[in-house]
Amino acid sequence: MTTMTPPAPTRAPARVPLLRRLGTVLLAHPIVRTLGPFVPFLLIWWAVAATGSVNAAFFAGPGEVWQSFTELVRKGMMPSYLGDSLERLAYGVGFGLLIGLPLGFVVALSSWARRLTWPLLLFFQAIADIAWLPILIVWFGFSLTSVTFVIVYTVVFPLMLGIVAGVDQVPRELVNAARSLGAGRLRVFFEVIVPGSLPAVASGVRTGLGYGWRALIAAEIIVGTSGIGFMMFDARRAGEVSQVFLGMIVLGVLWYALDALILAPFERATVERWGLVRQMEAAR
Amino acid sequence: MTTIDSPARTVGRVRRPGPRRGSEAVWFVVPFVLLVAIWWLVVEVTGTTARTFPQVTDVIAALAEMAASGDLARHLGASLQRMLIGAVLAVVTAIPFGIALGSSPRLSAFFSPLLRFSVALAGIAWIPIATLWLGYGDRAVIFIVWNAMFFALTYNTVLGVQQIPVQTVRAARSMGTRGPRIVWEVLLPGALPSIVTGLRIGLGYGWRGLVAAEIIATNAGLGYALFLAQSQFDTGVIIASMVIIGVLWLLMDRLLLAPLERRTVERWGMKAVS
Amino acid sequence: MNTLEINNLRKEYVDHYTGETIPAIGEVTFSIGEGEFVSVLGPSGCGKTTVLNIVAGFIDHTAGDVLVHGKSVHGPGPDRGVVFQSHALFPWKTVLGNVTFGLRMKGVPRVERERAAADILELVGLSGFERKYPHELSGGMQQRLGLARVLVNEPEVMLMDEPFASIDAQTRRKLQQDLTEIFEKRRPTVFFVTHDIDEAVFLSDRVVVLSARPSTVAEIIDVDLPRPRTWRETVEDPRFREYTHHIEERLGGGEPDAQAG
């Protein structure tokens, strides 16, 4: 991006007050920028709860939610439920990637495989993952297997569709260039097609995880043995509003962490690097 | 997000066999025929009982019975009505909100982390609170559909408005466009590629939210039919309901989203860049 | 009275990070008479587009006045039509929809709108393309449409921001020729921004040469070449070469980073 900077302008002495400058610099800080909007949100939440205008059976303030958080942590329920949810998600996503990645490339690269499976892929993607839960319960009972299976299912299809779209996006010229430079089929695959399709693969992973995440919550509510989803629904049955609120916040924070620690770095390594290449081409 | 193209439009190394539409249709049907044949054969050969997995004929029989008893119409009607109400509510709330937010760069930059947080939570995670607030029934399900779509649609509308080139807005202003007309003439059509993407993502979340909420919170609808059949170990109805859910989504995509895209975004040469 | 007057125009930016004030336009004064074609020429990044954006009302200025027919300018308005470098056509409107947009905003009835549009499309050579969408046109045709969209409103002054800069060399020549013919037929008042010296001299009655940032008017040159002009004849004219050489020296002399941007 540095290439885009205009020629150094002649700088005149500062005229903006120090305080305002501090403000703009502070506002530009990533942590402030990320957490900023949550501050007014929290304040409004707190204010609504403090006025007591909403029936306490339907609404919990930040204080109560914090209380039930510390309580659940002390009792060990929160860590154990959280662990269960994350474990299921990890298994589901892990198996989903293991199955989806190779199958995706096979479908993308083999014309026969694609002809035979493409309509099926679209159809199975169309059967909402949660609709699989009843038949899975018939097969595996109310168990971890059922939950994991649903997540695998939600991850595999968007991933495969993403890979096909990604491979199709790789310009033919790049493949031809690599071949004329003496690369064999296997090397073309690993050196050109795989990296070239990564941006679309990344977005497939993101879509899959987004769905998988929801499927996990739904499955935990329906299968109902443990996990954050179960905790929320159980609390709802018992009328513990603050735990329902807590569950939602935990889920949100968890997704945020997942996004910031795993998805975003992966995308930066692929999508944005590609984006940068394109931008430089455009600037020229 | 990538929009997944239908095979005819992809520019891949795999060329579809010629432009003949007839052969396209055949190639769309063949895999399904094969799948059903394998299904029939496997169940027949392994002697799987209907308690584990139904034979093809069981599913057809279940479908016929659901249709004859009026259950199919009842469940289908309930689900589609909820989906429609939720989706319409989401469209009329999220798009104006997204445009309002998007037209102020500061406001949208400030709120976008909160929005992304909400997109991640939208839909299914609200089921407990929705049933608490609105009770078990239609209202909770409609709320879930609306909620699942609202944030994804708002977020993508904001993105769409931000992506409109500044020159396009300036061009309209310099020709005397003011106030609400800017929204109608420039911001809405300009953001449409992204809005359509948001609609696609949102409908996907909404559809899943609908099924989940129906399983949990109602006594009618496709999700409920699934749930009921599961408690009776009626695998024929389970598979039949799943097929209906899949077909409905494909129809929604082909009859609603695809034509919308063809008539607007593609016609205008504004296909969203992923 | 001049159609457009720019008096002692100044523009400074405040860098929000450092809080420093960066002068973009030092002091610019010039005017454009009725039916006159004036080019503003300067090295890349010198702020000539900034001047145009201020006149168009897209950005505020720090000091000075912009007057159209003696009246001070606030915000964008249909009295000043803008032709953008990126053409800024509405991709969701057909050729006809784009051309009639401004008239529709003014509340001109449909029949009149379409008659006016037909005339203008004929003039710019786009008859028969009414039902096409912008993305179906070539780059040159898109820019003709951008021109037509403004011409049809008959603005007091047309502001053209390097309209041919991103068009291939051959088409550009043709467009310049066509623009000259349209100008000679209709005599609109034109404020034309460019960094192409030949283009400026060929098209203009006067050329305003800006210095590098913070820009000031380095020189105003009256182009005394006969009209109607054609590229073929004008290039042959020794005065054309004199003008371009003179401006080249003027620009090349002072500014080391004329290439930047």
Side-chain angles (χ1 to χ4, degrees), chain A residues 33-38 41 58 108-109 111 114-120 122-124 126-135 137-139 161-162 164-165 167-168 172 199-200 203-204 206-207 210-211 213-215 217-218 221-222 232-233 235-236 241 244-245 247-248 251-252 255-256 259, chain B residues 1-2 4-5 7 10-15 27-32 34-35 51-52 109-111 113-114 116-118 120-121 123-129 131-133 204-205 207-209 211-212 215-216 222-223 226-227 229-230 233 235 238-239 241-243 245-247 249-250 253 274:
Chain A
R33 230 173 28 200
T34 310
L35 296 182
F38 294 94
F41 177 75
F58 297 120
L109 292 172
S111 63
R114 183 173 321 189
R115 257 184 213 172
L116 284 178
T117 57
W118 184 258
L120 296 180
L122 291 179
F123 182 71
F124 280 105
I127 301 178
D129 32 70
I130 290 141
W132 278 87
L133 211 52
I135 193 84
I137 294 173
V138 169
W139 291 342
L161 293 172
V164 172
V167 169
D168 282 356
R172 255 225 105 89
S203 104
R206 177 181 275 280
T207 314
Y211 286 141
W213 179 247
R214 287 169 168 74
I217 302 164
I221 292 176
I222 295 163
M232 285 165 69
F233 205 64
R236 183 249 172 279
V241 195
V244 178
F245 276 61
M248 292 179 70
L251 288 175
W255 175 262
Y256 225 79
D259 187 273
Chain B
M1 296 266 177
T2 18
I4 316 267
D5 288 60
T10 51
V11 212
R13 60 209 74 255
V14 183
R15 301 302 298 180
W27 276 112
F28 196 81
V29 172
V30 164
F32 287 104
L34 278 177
L35 183 75
R51 204 172 180 291
T52 310
F110 186 74
F111 279 111
L114 189 62
R116 288 181 54 177
F117 184 87
S118 309
L121 262 181
I124 288 162
W126 284 76
I127 290 177
I129 205 85
T131 56
L132 183 71
W133 283 346
Y205 288 154
W207 190 236
R208 284 162 172 77
V211 174
I215 291 179
I216 297 160
L222 291 167
L226 268 171
F227 177 72
Q230 177 246 305
F233 291 91
T235 53
I238 295 183
I239 300 293
S241 305
M242 287 168 68
V243 170
I245 289 173
V247 168
W249 175 258
L250 284 186
D253 188 81
S274 56

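Lettering follows sequence order; numbering is per chain, from 1. From a predicted model like this one, the values you see are computed outputs, not experimental measurements.
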Chemist: Given 3.5 Å as the limit, does a donor-acceptor pair link the side chain of A:Arg214 with the main chain of B:Gly123, or not?
Modeler: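 Checking the backbone N and O of B:Gly123 against the side chain of A:Arg214, no donor-acceptor pair under 3.5 Å is found.
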Chemist: Locate the shortest heavy-atom distance separating B:Gly246 from A:Ala126; write the atom from each residue and the value.
Modeler: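 Reported closest heavy-atom pair: O-CB, 3.5 Å.
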Chemist: Between A:Trp139 and B:Thr52 (side chain of the first, backbone of the second, donor and acceptor by atom type, cut-off under 3.5 Å), is there such a pair?
Modeler: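 Present.
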Chemist: Could you tell me which portion of B:Ile215 (side chain, backbone, both or neither) has an atom closer than 4.5 angstrom to a non-hydrogen atom of chain A?
Modeler: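 Side chain only.
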Chemist: Output the distance between atom CD1 (A:Ile135) and atom OG1 (B:Thr235), rounded to the nearest 0.5 Å.
Modeler: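 Taking CD1 in A:Ile135 and OG1 in B:Thr235, the distance rounds to 5.5 Å.
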Chemist: Which heavy atom of B:Ala125 sits nearest to which heavy atom of A:Leu251, and what is that distance?
Modeler: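 Closest approach of B:Ala125 to A:Leu251, heavy atoms only: CB-CD1, 3.8 Å.
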Chemist: Are the side chains of A:Ile221 and B:Pro128 in touch, meaning some heavy atoms are under 4.5 Å apart?
Modeler: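 Yes; the side chains approach each other to less than 4.5 Å.
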Chemist: Checking B:Leu226 against chain A: side chain, backbone, both or neither under 4.5 Å from a heavy atom?
Modeler: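 Both backbone and side chain.
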Chemist: With a 4.5 angstrom heavy-atom cut-off, could you sort out which part of B:Leu222 is near chain A: side chain, backbone, both or neither?
Modeler: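 Neither; nothing under 4.5 Å.
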Chemist: Which atoms form the tightest heavy-atom contact between A:Ile127 and B:Met242, and what is the distance?
Modeler: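 Scanning both residues completely, I find the closest heavy atoms to be CG1-O, 3.8 Å.
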Chemist: I'd like to check A:Leu133 versus B:Phe227 (side-chain heavy atoms, cut-off strictly below 4.5 Å). Are they in contact?
Modeler: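 Counting from C-beta outward, A:Leu133 and B:Phe227 never come under 4.5 Å.
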Chemist: What residue in A:Val138, A:Val241, A:Thr117 has the most heavy-atom pairs under 4.5 Å with chain B?
Modeler: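 Of A:Val138, A:Val241, A:Thr117, A:Val138 has the most heavy-atom pairs under 4.5 Å with chain B.
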Chemist: Heavy-atom cut-off 4.5 Å, strictly under: side chain, backbone, both or neither for B:Leu132 against chain A?
Modeler: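 The answer is both parts of B:Leu132.
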Chemist: Using heavy-atom distances under 4.5 Å, tell me whether B:Val29 contacts chain A through its side chain, its backbone, both, or neither.
Modeler: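 Neither; nothing under 4.5 Å.
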Chemist: Need one label for A:Leu116: side chain, backbone, both or neither, based on atoms under 4.5 Å from any heavy atom in chain B.
Modeler: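 For A:Leu116, the contact with chain B is made by backbone and side chain together.
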Chemist: Taking A:Trp132, A:Tyr211, A:Phe123, A:Phe124 one by one, which has the highest count of heavy-atom pairs under 4.5 Å against chain B?
Modeler: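 Greatest number of close heavy-atom pairs with chain B: A:Tyr211.
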Chemist: What heavy-atom pair brings A:Ala128 and B:Arg208 nearest, and what distance separates the two atoms?
Modeler: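 What the structure gives for the nearest pair is CB-CG, 3.8 Å.
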Chemist: Taking the side chain as C-beta and beyond, is there a heavy-atom pair between A:Asp129 and B:Val211 under 4.5 Å?
Modeler: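 Sidechains of B:Val211 and A:Asp129: no contact.
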Chemist: Less than 4.5 Å to any heavy atom of chain A: does that hold for the side chain of B:Leu250, its backbone, both, or neither?
Modeler: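 When you check distances to chain A, atoms from both the backbone and side chain of B:Leu250 fall under 4.5 Å.
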Chemist: By a 4.5 Å heavy-atom criterion (distance strictly below it), what part of B:Ile129 contacts chain A: side chain, backbone, both, or neither?
Modeler: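 For B:Ile129, the contact with chain A is made by backbone and side chain together.
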Chemist: If I compare all heavy atoms of B:Thr131 with all of A:Arg236, which pair ends up nearest, and what's the gap?
Modeler: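 Between these two residues, the closest heavy atoms are OG1-NE, 2.7 Å.
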Chemist: Could you check whether any side-chain heavy atom of A:Leu120 comes within less than 4.5 Å of a side-chain heavy atom of B:Phe32, counting everything from C-beta outward?
Modeler: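 Yes; the side chains approach each other to less than 4.5 Å.
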Chemist: With rounding to the nearest 0.5 angstrom, report the CD1 to CG distance, A:Ile217 to B:Leu121.
Modeler: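 Those atoms lie 7.0 Å apart.
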Chemist: Might you point out which heavy atoms bring A:Ala131 and B:Ile245 nearest each other, and give the distance in Å?
Modeler: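 What the structure gives for the nearest pair is CB-CD1, 3.8 Å.
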